Peer 1: 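I have a structure here, written as structure tokens, and I will follow up with some questions on it.
For reference, positions follow the sequence shown, starting with 1. Computed from heavy atoms alone, side chains included, the values below leave out hydrogens, waters and symmetry copies. Bear in mind the structure is a predicted one, so any value in this text is a computation, not a measurement.
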Amino acid sequence: TQTGATYSVMFDLGAAGTQSCVVSAAGQSSPTLTHSGGQFPQVTYARDRSWPFTATGTTSTVRFDSASGGTSANGPHIDNVRVFRTSWPAAFQVFGAGCAGSVGTPVLDALPGSRPLLGQEFNAELTNLSLSLADAVFLLIGLDRATPPTPLDPIGMPGCNLLLVPIDAAPLLKFNGAARWRATIPNELGLLGATVVVQGFAFDRNPAPNALGATTSNGAELLLGNT
């Protein structure tokens with residue numbers, strides 16, 4: 001678990017007669033949860049009962065205790081236990097380094113206040129780009145970092161590295177040496193906690209800093225979240 005993140009414990013609560021239980025984790029406890037089933041020995045289940053908790057450390061133990069009272073061995077029946085993370089802090093983290101062009105080393109960073117939240121628009125900016133509008137700019141997009149980084153010397157870019165495993169490239173419009181990337185992140189819970197890796201790639205031919213006439217920026221990792 002991750003400290004501060006919220007989780008949901010889901011389970012099936014079975015009973016012969018009326019039985020109760022209390023769920024606990026990370027120093028927190030649920031209210032008493034009760035289900036009235038059939039007559040003993042017939043057990044029926046209330047499916048997908050749930051209880052949320054907030055993690056206070058990197059491990060969390062989920063405990064079920066009978067709250068039925070008495071000494072009968074026929075207490076609550078617990079089955080099909082699952083734990084799901086329901087919150088994830090959105091984050092943007094830069095890593096690695098770019099290589100210098102005619103006006104400096106391109107820098108990729110999020111715009112102030114912008115975070116990769118589900119259902120919202122995320123904005124980042126590439127700066128220190130060639131002032132020539134003829135020099136195209138792209139944002140390389142992938143799901144994983146390149147480990148180790150891939151040297152671009154063989155294509156005429158000595159000292160430059162590819163910092164990710166690209167699966168797509170988005171062309172960007174440039175103005176006055178800067179280009180912005182806008183992305184609307186779908187509000188899909190299946191994306192919660194997903195990682196997207198990006199890096200700027202820009203042509204720069206006035207004057208060209210290398211044989212290919214191109215530069216790269218630092219990399220950045222987007223952690224998609226809802227908090």
Peer 1: Side-chain contact test, heavy atoms from C-beta onward, threshold under 4.5 Å: evaluate it for V23 versus F11 and give yes or no.
Peer 2: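 Answer yes - side chains close enough.
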Peer 1: Calculate, to the nearest 0.5 Å, the distance between atoms CG and CE belonging to N210 and M157 respectively.
Peer 2: 5.5 Å
Peer 1: Locate the shortest heavy-atom distance separating L223 from P116; write the atom from each residue and the value.
Peer 2: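 In terms of heavy atoms, the two residues are closest at O-CG, 3.4 Å.
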Peer 1: Within this structure, what is the CG-CZ distance for the pair L189 and F84, rounded to the nearest 0.5 Å?
Peer 2: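 So the CG of L189 and the CZ of F84 are separated by 11.5 Å.
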Peer 1: For a side chain to side chain contact (heavy atoms under 4.5 Å, CB included) check, start with the C-alpha distance between V22 and L33, then their side-chain angles and the critical distance, and finish with the verdict.
Peer 2: CA-CA 6 Å; V22 172; L33 303 172; over 6 Å; no
Peer 1: Within the distance-only criterion (no hydrogens, no angle test), does the side chain of S217 pair as donor or acceptor with the backbone N or O of G200 below 3.5 angstrom?
Peer 2: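 Flag set: sc S217 to bb G200 pair under 3.5 Å.
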Peer 1: According to a hydrophobic-cluster definition based on side-chain heavy atoms being under 4.5 Å apart (Ile, Leu, Val, Met, Phe, Trp, Tyr only), do L117 and F122 belong together?
Peer 2: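 They do not share one cluster, since no chain of ILVMFWY contacts under 4.5 Å joins L117 to F122.
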Peer 1: Decide yes or no on side-chain hydrogen bond (donor to acceptor under 3.5 Å, both in side chains) for S20 and T34, but give the supporting numbers first.
Peer 2: CA-CA 4 Å; S20 302; T34 300; 2.7 Å; yes
Peer 1: Answer with yes or no whether the hydrophobic clustering places V198 together with V94; edges join I, L, V, M, F, W, Y residues whose side-chain heavy atoms lie under 4.5 Å apart.
Peer 2: yes
Peer 1: Among D204, V107, V137, which residue meets the side-chain contact (heavy atoms from CB on, under 4.5 Å) test with L129?
Peer 2: V137
Peer 1: Quick check: does any side chain N or O of T1 sit under 3.5 Å from a backbone N or O of G57, one acting as donor and the other as acceptor?
Peer 2: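 Confirmed, T1 side chain pairs with G57 backbone.
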Peer 1: Identify whether L152 and V165 are in the same connected component of the hydrophobic contact network (ILVMFWY, side-chain heavy atoms under 4.5 Å).
Peer 2: no
Peer 1: Write down the atom of T3, the atom of T58, and the distance for their closest heavy-atom approach.
Peer 2: OG1-N, 4.2 Å
Peer 1: How long is the span from the CG atom in L224 to the CG atom in L118, to the nearest 0.5 Å?
Peer 2: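 One finds 6.5 Å between CG of L224 and CG of L118.
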Peer 1: Could you walk me through whether L111 and R180 pass side chain to side chain contact (heavy atoms under 4.5 Å, CB included), step by step?
Peer 2: CA-CA 9 Å; L111 290 183; R180 290 190 176 182; 3.7 Å; yes
Peer 1: Which distance, rounded to the nearest 0.5 Å, do you find between the SG of C21 and the NE2 of H35?
Peer 2: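 One finds 11.0 Å between SG of C21 and NE2 of H35.
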Peer 1: Please report the closest heavy-atom contact between R115 and T227, naming both atoms and the distance.
Peer 2: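 Nearest heavy atoms, R115 then T227: NH1-O, 2.9 Å.
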Peer 1: Check whether any side-chain N or O of Q28 sits under 3.5 Å from a backbone N or O of T54 as a donor-acceptor pair, and report yes or no.
Peer 2: yes
Peer 1: Which heavy atom in G142 sits nearest to a heavy atom in I167, and how many Å separate them?
Peer 2: CA-CG1, 3.9 Å
Peer 1: Are any side-chain N or O atoms of N128 and backbone N or O atoms of T105, one a donor and one an acceptor, separated by less than 3.5 Å?
Peer 2: yes
Peer 1: Same cluster or not: L163 versus V197, using hydrophobic residues (I, L, V, M, F, W, Y) connected whenever any side-chain heavy atoms lie under 4.5 Å apart?
Peer 2: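 Shared cluster, yes.
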Peer 1: Just how far is it from atom NE2 of H77 to atom CG of L13, taken to the nearest 0.5 Å?
Peer 2: 9.5 Å
Peer 1: Which value, rounded to the nearest 0.5 Å, describes the distance between R63 atom CZ and D65 atom CG?
Peer 2: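 Result: 4.0 Å between the selected atoms.
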Peer 1: Under a single-linkage definition using a 4.5 Å side-chain heavy-atom cutoff for Ile, Leu, Val, Met, Phe, Trp and Tyr, are I185 and L108 assigned to the same hydrophobic cluster?
Peer 2: yes
Peer 1: To check you understand the geometry: which heavy-atom pair defines the closest contact between Q2 and Y7, and what is its length?
Peer 2: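 Taking Q2 first and Y7 second, the nearest heavy atoms are N-OH, 2.9 Å.
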Peer 1: Among L172, N123, L126, which residue meets the side-chain contact (heavy atoms from CB on, under 4.5 Å) test with W181?
Peer 2: L172
Peer 1: Determine yes or no for a side-chain-to-main-chain donor-acceptor pair under 3.5 angstrom, with N226 supplying the side chain and G119 the backbone.
Peer 2: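 Not at all, since once roles are kept as given, no pair shorter than 3.5 Å links the two residues.
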Peer 1: Please evaluate residues D12 and R82 with respect to the criterion side chain to side chain contact (heavy atoms under 4.5 Å, CB included), reporting the C-alpha separation (whole Å), side-chain torsions for both, the decisive distance (0.1 Å), and the verdict.
Peer 2: CA-CA 10 Å; D12 299 340; R82 298 95 74 202; 4.1 Å; yes
Peer 1: If we ignore hydrogens and angles and just use 3.5 Å, is the side chain of S60 paired with the main-chain N or O of A55 as donor and acceptor?
Peer 2: no
Peer 1: Between the main-chain N or O of G96 and the side-chain N or O of N218, is there a donor-acceptor pair closer than 3.5 Å?
Peer 2: no
Peer 1: Which atom names give the shortest non-hydrogen contact between D135 and S130, and what distance separates them?
Peer 2: OD2-OG, 2.6 Å
Peer 1: Anything under 30° is parallel, anything over 60° is perpendicular, the rest tilted; go ahead and classify F53 against W51.
Peer 2: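 Because their plane-to-plane angle is under 30°, the rings of F53 and W51 count as parallel.
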Peer 1: May I ask you to decide if N161's main-chain N or O and Q199's side chain share a donor-acceptor pair within less than 3.5 Å?
Peer 2: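 Here the side-chain-to-backbone pair exists.
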